[in-house]
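Whatever order the structure lists ligands and atoms in, that order sets their numbers, starting from 1. Below, all heavy atoms of this structure are taken into account, side chains as well, without hydrogens, waters or symmetry copies.
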Amino acid sequence: MNPSAFTTPGSGQLILALSKGRIFDDTLPLLRAAGIEVLENPETSRKLILATNDPDVRVIIVRASDVPTYVQYGAADFGVAGKDVLLEHGGEGLYQPIDLNIARCRMSVAVNAGFDYETAVRQGARLRVATKFVQTAREHFARKGVHVDLIKLYGSMELAPLVGLSDAIVDVVSTGSTLRANNLVEVEQIMEISSRLVVNQAALKLKRARLQPILAAFERASQLQA
Ligand code: AMP
């Protein structure tokens, strides 16, 4: 499909795709550095399209894993998404100019506290692994030469080993307190995760004059956070 098919008319209008929570909260200071204030709070408003102090810039609130899709098809000109989400999406149609150094965490393998992961791997056991991050998990275990049956879940991966759905999970970990609260242990760190700015490739060309100062402000502000 033509990625610019849904681009909003008028090359001065910009739509930014964000997800609620940490990415939204951590993007606000970057927007502020670009002179943009979001006028509504997505935690209290039911609106999915939020106005800003700049009549040409609007923010849409979508599920984190949908951000790359909205940007790929040009329904949003740019967005902020975690490396975890971008790896699963594949990055098609997206220009990824900046690591924003926000919403940092890590992608890890975790198991029940009593499960001897090292021995199971050494003995070549076939492991059942529950995860939302199927691509990343598949590549990780293939690199290690570990045979796995991947079980795709959409939420609360931590529950899977507790009720015998899987031997292990692959999930993002920040403080580790969710794992600890569920008696799970992090046994392997797969990669560091942070959120990146993604830009629709057609918008980058057609709206460059409007986008460029915002991207530059984001880059300067994110370097301060590094
Ligand atoms: P924590 O207890 O601080 O380790 O946080 C772990 C939980 O929060 C997991 O269920 C994750 O799905 C979620 N989480 C933590 N950090 C992030 C992040 N940067 N992006 C997405 N989800 C996260």
Please report the shortest heavy-atom distance between I23 and I102, naming the atom on each side. O-CD1, 4.4 Å

Give the residues near ligand 1 by chain and number, with the criterion being a heavy-atom distance under 4.0 Å. R22, A103, C105, E158, D171, V172, V173, S174, T175, G176, S177, T178

Any ion pair linking D54 and R210 (charged N to carboxylate O, less than 4.0 Å)? yes

D84 CG to M191 CE distance, which is reported to the nearest 0.5 Å: 9.0 Å

Would you say the side-chain atoms of E88 and T136 include a donor-acceptor pair closer than 3.5 Å? yes

Results of salt bridge (Lys or Arg N to Asp or Glu O under 4.0 Å) for D116 - residues two or more places apart only: none

Is there a path of hydrophobic side-chain contacts, each under 4.5 Å between heavy atoms, that joins V85 and L197? no

